[in-house]
Structure formats: structure tokens, C-alpha cells
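Numbers here are sequence positions counted from 1.
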Amino acid sequence: MKMAPVEQLFTLFNETALVLQEELACTYLEALAKTGENLFHGSVLQDEVSEITEKRLQKQYQEIHLSSFTKEEIRKAYQLVILKGMKENVQPNHQMTPDSVGMLMSYLVDKFIEQPTFRLLDPAIGTGNLVTTVLNQLQKNVQCIGIEIDDLLLKLAYVNANLQEHPIELFNQDSLEPLFIDPVDAVIADLPVGYYPNDVRASDYQLKAPEGHSYAHHLFIEQSVNHTKQGGYLFFIIPNGLFESDQAQQLREYFKEEIIVQGVLQLPLSMFKNKNAAKSILVLQKKGEGIAAPKQALLANLPNLSSAVEMENILIKIDKWFQDNKR
């Protein structure tokens with residue numbers, strides 16, 4: 001029986017990564033980044049592998065032609081092998097945004113951003129899964145920038161972008177340090193939640209904690225707003241308790257000064273094992289001359305994202321909100 005395209009690619013990524021993992025005595029995810037790069041270049045780039053292994057890998061790479069797969073098939077297969085690697089070597093900061101949420105984000109980006117060409121920033125790009133999900137759905141010319149402090153995740157994002165032929169400009173740094181990038185039209189991010197350990201750096205932000213460590217997700221919001229053009233949009237995946245924490249009052253005051261809340265879409269609780277880990281999508285717009293707030297913000301409790309009928313109903317409501325508020 002012929003394998004489906006995603007299964008075919010998954011098998012190739014997985015088998016060749018396992019070979020490189022053993023041969024180079026590295027982790028599965030490191031081997032995955034290496035095999036992805038090999039596949040992109042069409043040759044084995046690691047000098048330290050044996051001649052037998054090189055021939056074996058070369059034969060497997062030659063059996064696959066990337067041009068015969070869609071970008072989404074490549075992304076899904078690569079995402080599945082990354083998830084396999086993350087399960088084997090769990091790290092708290094190694095988490096991936098679910099596909100259904102990525103699709104919803106791309107829908108919102110497409111609805112809010114009308115211009116055919118724009119600049120997009122993901123300040124917490126991780127493996128690049130969220131941003132490439134969005135890019136694969138948009139029929140627009142997007143200049144994309146991604147920032148990631150974890151060098152392994154960034155390498156995976158780099159290979160991910162290459163395999164899908166997305167020209168993403170990548171920076172390996174702490175996103176809360178100074179960013180040397182031009183202002184962007186839009187930001188998307190699955191915000192890293194928790195405390196930011198660098199109190200000295202945090203002291204440069206308006207949203208710094210009055211005492212003790214500041215919340216990284218608050219600082220990410222401020223940093224993103226700082227690098228967005230007036231009138232630009234920001235799409236964040238946030239914890240549901242964002243406005244209930246001990247530092248929430250500061251956040252509310254900052255929002256009043258700097259941004260307009262366009263919408264909050266609460267993701268279904270069924271997506272999360274623990275309701276305290278539940279999240280929402282927050283859509284913001286940076287204030288500027290001639291930028292008016294909507295008559296009312298877009299507020300929705302999303303149904304199960306796999307229910308086509310319920311999702312269709314909610315998308316009709318969202319479309320109606322756009323007709324009423326975005327003229």
C-alpha cells in the first residue's frame with residue numbers, strides 16, 4: 001500500500017535522523033536538523049560519517065523529491081518528527097503550537113491585514129511551526145523575521161523554513177535584549193509564559209515588576225509593540241489568566257496608553273489537560289494617528305476546533321463583526 005505524502009516524509013526524516021543520531025552520538029533533534037539540511041542540499045554535509053553511512057543516507061535522500069510535496073505536507077511531516085524528538089527529551093520551553101490554532105491565527109492575520117505585502121515578526125519563533133502554518137495559508141507577500149534564544153530550536157526553524165522555501169530572516173538572541181530590526185506591520189507569537197530572570201534588562205521596560213522578577217510574557221508584549229508600526233496588528237496566544245495576575249493592573253494601564261484591544265478569542269478548554277493552562281488569542285492594534293477603536297471588541301468563546309459546523313458558525317459571527325466594525 002502506497003504511503004501518504006506526510007507519512008512518506010515522516011519515515012524519511014525519522015529513519016535518517018536515527019542513523020545520524022547513532023553515527024554522530026548526538027540527540028535526536030540535533031540529528032533531525034542535520035538530516036533536514038542534508039535533504040535540502042541534496043547531499044550529506046557531515047564529514048564525520050562513515051562512507052557506508054554516507055552512501056546509505058544519499059540513497060534515501062535521492063528517493064525523495066521535495067518539489068513533489070506541498071509546503072503543508074513538508075511542514076506537517078517535519079512537525080511530527082520534532083514532536084517525537086521533544087517527547088524523548090522533554091524540556092519545558094520546547095512546546096509546539098497546535099495546528100488548529102495556527103490555522104486560526106492565519107485566518108485572523110488575513111482578515112485584519114489588508115495590504116498585499118507586509119513585514120511580520122515572531123519574537124518567539126521556536127521551531128518555526130506557527131509562523132510557517134500562517135505563511136502557508138496567506139496569499140500575500142510576507143517578509144518574515146523570527147527570533148529565538150534556543151540555538152537548537154532556531155536551527156530546526158532554519159531547516160523548516162528552507163524545506164518549505166520560506167525566506168525567513170532569523171536571529172539567535174534573547175528577544176528582550178535590544179532588537180536591531182526595522183518596525184514591522186504585524187507580530188505573531190505564542191508567548192513564553194513565566195518569569196524573566198534578567199532583572200537588569202527588565203528594568204528598561206515599562207512593564208517591569210515593582211519588585212522581584214518581571215513576567216516574560218508582559219515584556220514580550222511591550223517589546224513587540226515597540227517594534228510595530230503605528231496601526232500595526234499583534235496576534236498573541238496568551239494564558240487566560242493574563243489580566244488576573246498580581247502585575248495585571250500595570251498591563252491594563254499600559255494597554256490604555258499604547259494599544260487598542262481588537263479581540264479576544266478563548267480557545268476551547270477541551271484543548272488543555274489542565275484548565276489552568278488554558279489559552280486565548282489576543283488581537284491588538286498599536287495606537288497611532290487616525291487609528292480608531294472598534295465599536296466593540298471581537299469577543300468569542302471558540303467551540304471544539306475539530307467541529308466543522310460549530311466552527312463555521314463562529315466564523316460567520318467573526319465575518320459579521322468585520323462588516324460592522326472594520327469599514
Side-chain angles (χ1 to χ4, degrees), residues 3-46 48-49 53-54 56-58 60-61 63-64 66 69-102 122 124-136 146-166 168 170-172 189-194 237 271-273 277:
M3 279 196 282
V6 171
E7 195 182 349
Q8 208 180 334
L9 277 172
F10 174 88
T11 304
L12 173 77
F13 283 135
N14 181 46
E15 287 179 356
T16 54
L18 288 168
V19 169
L20 284 168
Q21 181 183 14
E22 189 174 345
E23 183 90 3
L24 303 173
C26 61
T27 68
Y28 181 84
L29 288 175
E30 287 168 337
L32 177 58
K34 291 178 197 298
T35 201
E37 206 164 4
N38 291 347
L39 182 60
F40 177 71
H41 287 283
S43 61
V44 179
L45 303 173
Q46 295 74 39
E48 55 272 51
V49 300
T53 299
E54 185 177 353
R56 180 182 165 189
L57 290 171
Q58 199 71 52
Q60 285 181 277
Y61 296 141
E63 287 168 1
I64 287 279
L66 283 176
F69 296 88
T70 66
K71 289 178 179 180
E72 269 296 275
E73 285 165 351
I74 294 168
R75 182 192 66 76
K76 284 176 179 172
Y78 193 66
Q79 176 199 26
L80 288 170
V81 272
I82 290 174
L83 284 169
K84 180 192 175 211
M86 287 180 175
K87 278 178 187 162
E88 289 173 14
N89 182 21
V90 178
Q91 290 190 33
N93 63 326
H94 288 195
Q95 289 177 349
M96 207 176 281
T97 311
D99 271 4
S100 52
V101 178
D122 185 341
I125 196 168
T127 64
N129 188 55
L130 173 60
V131 84
T132 55
T133 303
V134 171
L135 292 176
N136 287 346
I147 301 164
E148 176 56 52
I149 192 169
D150 185 310
D151 55 352
L152 174 57
L153 295 187
L154 193 83
K155 186 68 190 284
L156 290 164
Y158 161 75
V159 173
N160 203 359
N162 277 347
L163 291 171
Q164 294 178 63
E165 299 183 336
H166 288 305
I168 302 175
L170 295 167
F171 295 89
N172 187 193
D190 190 342
L191 290 178
V193 176
I237 298 169
M271 282 185 73
F272 306 94
K273 288 177 187 168

> Would you check, one step at a time, whether the test salt bridge (Lys or Arg N to Asp or Glu O under 4.0 Å) holds for R75 with E72?
CA-CA 5 Å; R75 182 192 66 76; E72 269 296 275; 2.7 Å; yes

> Tell me if a side-chain donor or acceptor on Q46 pairs with a main-chain N or O of E48 at a distance below 3.5 Å.
no

> Say whether N129 and Y78, considering side chains only, have a donor N or O and an acceptor N or O under 3.5 Å apart.
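On atom types as modelled, these side chains do not qualify, holding no pair under 3.5 Å.
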
> When rounded to the nearest 0.5 angstrom, what is the spacing between CG in L163 and CZ in F40?
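Here the interatomic distance stands at 7.5 Å.
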
> Test I237 against L191 for side chain to side chain contact (heavy atoms under 4.5 Å, CB included), laying out the working first.
CA-CA 6 Å; I237 298 169; L191 290 178; over 6 Å; no

> Where is the tightest heavy-atom contact between V6 and A77, given as atom of each residue plus distance?
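That would be O-CB, 3.6 Å.
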
> Do the side chain of E148 and the main chain of G126 share a donor and acceptor less than 3.5 angstrom apart?
yes

> What are the two closest heavy atoms between L20 and C26, and how far apart are they?
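Looking at all heavy atoms of both residues, the closest pair is O-SG, 4.1 Å.
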
> Would a 4.5 Å heavy-atom cut-off, applied to side chains only, mark S100 and M271 as touching?
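Heavy-atom side-chain distance check passes, below 4.5 Å.
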
> With no hydrogens and no angle check, do the side chains of Q79 and D99 hold a donor and an acceptor under 3.5 Å apart?
yes

> So, taking the atom named CE in M3 and the one named CG in L12, what distance separates them when rounded to the nearest 0.5 Å?
9.0 Å

> Would you check if F13 and L80 make a side-chain contact, meaning some heavy-atom pair closer than 4.5 Å?
no

> So does A189 get a backbone contact from the side chain of D122, meaning a donor-acceptor N/O pair under 3.5 Å?
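Not at all, since once roles are kept as given, no pair shorter than 3.5 Å links the two residues.
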
> Take a 6.0 Å sphere around CD of E165 and say whether it holds more than 12 heavy atoms from other residues, nucleotides or ligands.
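Counting neighbours around CD of E165, 12 or fewer heavy atoms of other residues, nucleotides or ligands fall under 6.0 Å, so no.
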
> Using the side chain to side chain contact (heavy atoms under 4.5 Å, CB included) definition, which of the options L32, L154, I82, V159 pairs with T127?
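Of the listed options, the one satisfying the test is I82.
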
> Contact between L57 and V19 at the side-chain level, heavy atoms closer than 4.5 Å - yes or no?
yes

> What I want to check is whether the side chains of T16 and Q60 have a donor and an acceptor closer together than 3.5 Å.
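Note: T16 and Q60 side chains miss the donor-acceptor criterion.
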
> Hey, what do you get for CG (N160) to OG1 (T132), rounding to the nearest 0.5 Å?
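Rounded to the nearest 0.5 Å, the CG-OG1 separation comes out at 4.5 Å.
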
> Looking only at side chains, do T35 and Y61 share a donor and an acceptor under 3.5 Å apart?
yes

> With a 3.5 Å distance limit and no angle check, can you tell me whether E30 reaches the backbone of T27 through a side-chain donor-acceptor pair?
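Yes.
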
> Is E37 paired with K155 through a side-chain N to carboxylate O contact shorter than 4.0 Å?
yes

> Supply the atom-to-atom distance N172 CG to I147 CD1, rounded to the nearest 0.5 angstrom.
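Going from CG on N172 over to CD1 on I147, the span is 10.5 Å.
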
> Tell me if a side-chain donor or acceptor on T53 pairs with a main-chain N or O of V49 at a distance below 3.5 Å.
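Looks like no, no N/O pair under 3.5 Å.
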
> Answer yes if the side chains of Q58 and N38 hold a donor-acceptor pair under 3.5 Å, and no otherwise.
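No, no side-chain donor-acceptor contact under 3.5 Å.
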
> Do I125 and L130 have side-chain heavy atoms sitting under 4.5 Å apart?
no

> Whether the N136 and H166 side chains hold a donor-acceptor pair (N or O, under 3.5 Å, no angle test) is what I'd like checked.
yes

> Examine distances only and state if a side-chain atom of E73 and a backbone atom of T70 form a donor-acceptor pair shorter than 3.5 Å.
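Yes, E73 side chain to T70 backbone: donor-acceptor pair under 3.5 Å.
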
> Closest approach of K34 and L24, non-hydrogen atoms and distance?
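Where K34 meets L24 most closely, the heavy atoms are CD-CD1, 3.5 Å.
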
> Are the side chains of Q8 and F69 in touch, meaning some heavy atoms are under 4.5 Å apart?
yes

